[in-house]
Amino acid sequence: MTAETLIASLQLSVPELILAVGAMALLMIGVFSSERSAPTVTGLAVAVLIIAGLWLVLKTGEGEAYGGAFLSDPFSKFMKVLALIGSITVMVMTVGHARSAQIDRFEFPVLLVLATLGMLLMISSNDLISLYLSLELQSLALYVVAAINRDSVRSTEAGLKYFVLGALSSGMLLYGMSLVYGFTGHTGFDEIAAALTAEGRSLGLVFGLVFILAGLAFKISAVPFHMWTPDVYEGAPTPVTAFFAAAPKVAAMAILVRLVINAFEPVVADWQQIVVFISIASMLLGAFAAIGQRNIKRLMAYSSIGHMGYALVGLAAGSMAGVRGVLIYMLIYMVMTLGTFACILAMRRKDGEHVEGIDDLAGLSQTNPFMATVLTILMFSLAGIPPLAGFFAKYFVFVAAIEAHLYALAVIGVLASVVGAYYYLRVIKVMWFDEAKGEFARTAGELRLVFGLSGLFVLGYVLIGGPLGNAAEAAARSFF
């Protein structure tokens, strides 16, 4: 690599360099400051993420870097902006809740910055090796974050479960990659696609593809690799759960799209069957398993499994309309999820105790009408009720599936949506029609801001959907 190509590569990856250098600097600040440096480090971490986001949007060009292992295109920019917004929002939400959730350590924001760095690198990966390294950078930070509350048995158990199952999924992913490399002779996505076009598929390559998809399905908590999700969502501190539910899902879905559309486009018939199966299983399990839940964090875990299933409907289509649908779906899903978790973080009694039971929301419409109204809007949107944003998210992926003649998949998706509406409506019923058991403490300003903006986005999506849809279409055009 010459000096000119190295400089060009560095210019394309400046946002990632900002996060890497920023994380190291924040670590030093935390280590050499007093024990109460967590709020300062959190504020600086938010600033680092914002600077990286602004540079990404305003200064970063397009092209390949580091010998084709790193790719900067409209698709990567779109998904990176989503991941950064998710990370920034979660950090803002944790400001007033770090102490009560017992995560007021300076390591927490540093780990979130490192996880976000892994996500950005993963979204831009154009090679199996860079994909694996970036995935592990993200995962190792998340393993620690899940168990960061060392005094809680639930948090420690959540971290251990996530680590053990995550290590298993990484092993499957690595085994699949080794098979793909063995049967194509390449690790670059473009080279793999060229080799498949020239030589055709082989049984060993299909096995490798299955293992790679299994490893990535774990990261988006798609069935049958979802088993960690309910326990980790419930056991981890609520700000950590909010982070798990938003940004990492965006990054994992982005690399899944890039992998199958770029590298394995010549064997579309093989991966399409797998994606259709995972999509149907996720939608059905997410719809039925959530019905009996009494803990709202577990409910959101099964809800996220279902929503990943709906997003995969668009990917199964394998068309530009399908990829566009996935991008819009991930954008809307992330906003709805962050708003809902802001409401869950606000579920705190006046004595400081955090509660997570759905029944604890009883009579919220009488004690906190604003929060009840916003949470109602978000629940209706998650259920896919028109004219809210959640309806349009599902509409675009189902239309893409119908255009690709995947009629059964679209019908199953619609039926699963009807079943899933039940448990969202139950939350609304508890808030508006049950007798109040007590009053929550005053909602923190940052939480009120997050769920207020989220509710506003969901309500007003019909007005701003055009420009967002155009941006998603421009990003999807990167592949076609």
Side-chain angles (χ1 to χ4, degrees), residues 12-16 52-65 68 70-88 116 119-126 130-131 134 189-190 193 216 219-220 246-265 268 275 307-308 310-336 389 392-401 403-404 457 461 464-480:
L12 285 176
S13 58
V14 167
E16 287 79 6
L54 290 174
W55 191 285
L56 173 69
V57 173
L58 302 175
K59 295 277 190 179
T60 306
E62 293 175 17
E64 288 187 352
F70 182 96
L71 196 60
S72 179
D73 58 7
F75 174 79
S76 66
K77 281 189 182 179
F78 186 94
M79 295 306 258
K80 282 180 184 179
V81 168
L82 286 194
L84 285 167
I85 290 171
S87 299
I88 291 165
T116 308
M119 288 174 219
L120 299 199
L121 289 169
M122 189 160 73
I123 291 167
S124 278
S125 293
N126 196 38
S130 61
L131 160 59
S134 53
F189 291 177
D190 299 331
L216 291 176
K219 300 302 175 188
I220 60 169
K249 295 280 176 73
V250 169
M253 187 61 78
I255 195 59
L256 187 57
V257 170
R258 190 183 293 284
L259 189 71
V260 297
I261 301 290
N262 254 16
F264 295 107
E265 194 273 333
V268 62
V275 172
H307 281 288
M308 289 305 103
Y310 296 121
L312 288 171
V313 171
L315 181 58
S319 61
M320 194 175 93
V323 174
R324 175 175 174 263
V326 173
L327 295 176
I328 294 171
Y329 202 101
M330 295 312 294
L331 163 65
I332 294 171
Y333 163 77
M334 193 184 76
V335 173
M336 295 188 299
F392 292 101
K394 289 179 180 174
Y395 172 78
F396 288 122
V397 292
F398 289 155
V399 166
E403 287 175 356
F457 175 89
Y461 181 80
I464 59 169
L468 292 174
N470 292 338
E473 190 164 345
R477 206 171 281 125
S478 304
F479 299 111
F480 299 95

Engineer: Considering only heavy atoms from C-beta outward, does the side chain of I220 approach that of L312 to under 4.5 Å?
Structural biologist: yes
Engineer: The criterion is ring-ring contact (aromatic ring centres under 6.0 Å, His included); which residues satisfy it with F78, sequence neighbours excluded?
Structural biologist: none
Engineer: Is there a side-chain contact between V257 and F479 (heavy atoms, below 4.5 Å)?
Structural biologist: yes
Engineer: Can you tell me how far apart CE (M122) and CG (L216) are? Round to the nearest 0.5 Å.
Structural biologist: 8.0 Å
Engineer: To the closest 0.5 Å, what do you measure between CG (L131) and CG (L121)?
Structural biologist: 11.0 Å
Engineer: Looking at M253, M79, E473, which hits side-chain contact (heavy atoms from CB on, under 4.5 Å) with L327?
Structural biologist: M79
Engineer: Donor-acceptor check, side chain of N126 to backbone of G68, threshold 3.5 angstrom: yes or no?
Structural biologist: yes
Engineer: Hey, are the side chains of Y333 and V250 touching, using non-hydrogen atoms and a 4.5 Å cut-off?
Structural biologist: no
Engineer: Can you see which heavy atom on L12 is nearest to which on A65, and at what distance?
Structural biologist: CD1-CB, 4.0 Å
Engineer: Side chains of I328 and L468, heavy atoms from C-beta outward: is any pair under 4.5 Å?
Structural biologist: no
Engineer: On a heavy-atom basis, which atom in A476 and which in V323 lie closest, and how many Å separate them?
Structural biologist: CB-CG1, 3.8 Å
Engineer: Heavy atoms only: give me the nearest T60-P15 pair and the separation to one decimal.
Structural biologist: OG1-CG, 3.6 Å
Engineer: Please tell me if the side chains of K219 and P248 come closer than 4.5 Å, counting only heavy atoms from C-beta onward.
Structural biologist: no
Engineer: Output, in order, the C-alpha distance, side-chain angles, deciding distance and verdict of side-chain contact (heavy atoms from CB on, under 4.5 Å) for M334 and I85.
Structural biologist: CA-CA 9 Å; M334 193 184 76; I85 290 171; 3.9 Å; yes
Engineer: Tell me, do L71 and S76 make a side-chain contact under 4.5 Å, heavy atoms counted?
Structural biologist: no
Engineer: If you compare all heavy atoms of P74 against all heavy atoms of A474, which two are closest, and at what distance to 0.1 Å?
Structural biologist: CB-O, 3.8 Å
Engineer: Between atom CD1 of I123 and atom CD of E16, what is the distance when rounded to the nearest 0.5 Å?
Structural biologist: 9.0 Å
Engineer: Testing the basics here: between L120 and A83, what is the closest heavy-atom pair and its distance to 0.1 Å?
Structural biologist: CD2-CB, 4.4 Å
Engineer: What pairs meet the side chain to side chain donor-acceptor pair (under 3.5 Å) rule with one or both residues in residues 246-262, with sequence neighbours excluded?
Structural biologist: D73-R258, S221-K249, Y233-K249, K249-S304
Engineer: Describe, in one word, how the ring planes of Y461 and F392 are oriented to each other, choosing from parallel (under 30°), tilted (30 to 60°) and perpendicular (over 60°).
Structural biologist: tilted
Engineer: In Å, rounded to the nearest 0.5 Å, how long is the span from CD1 of I255 to OG of S124?
Structural biologist: 8.5 Å
Engineer: I need the minimum non-hydrogen distance between S87 and A247, along with the two atoms involved.
Structural biologist: OG-CB, 3.9 Å
Engineer: Per the side chain to side chain donor-acceptor pair (under 3.5 Å) rule, what does the pair list look like for residues 310-328, sequence neighbours excluded?
Structural biologist: Y310-S417
Engineer: Could you tell me the separation between the CE atom of M330 and the NE2 atom of H307, rounded to the nearest 0.5 Å?
Structural biologist: 10.5 Å
Engineer: Show the numbers, then the answer: is there a side-chain contact (heavy atoms from CB on, under 4.5 Å) between Y329 and V313?
Structural biologist: CA-CA 10 Å; Y329 202 101; V313 171; over 6 Å; no
Engineer: Could you tell me if the side chain of R477 sits less than 4.5 Å from the side chain of F75, heavy atoms only?
Structural biologist: no
Engineer: Distance-only, no hydrogens or angles: does the S72 side chain make a donor-acceptor pair with backbone N or O of K77 under 3.5 Å?
Structural biologist: no
Engineer: With side-chain contact (heavy atoms from CB on, under 4.5 Å) as the test, would you mind laying out the steps for F457 and M336 before giving the verdict?
Structural biologist: CA-CA 9 Å; F457 175 89; M336 295 188 299; over 6 Å; no
Engineer: Once rounded to the nearest 0.5 Å, what's the spacing between atom CG of L259 and atom CG of L315?
Structural biologist: 10.0 Å
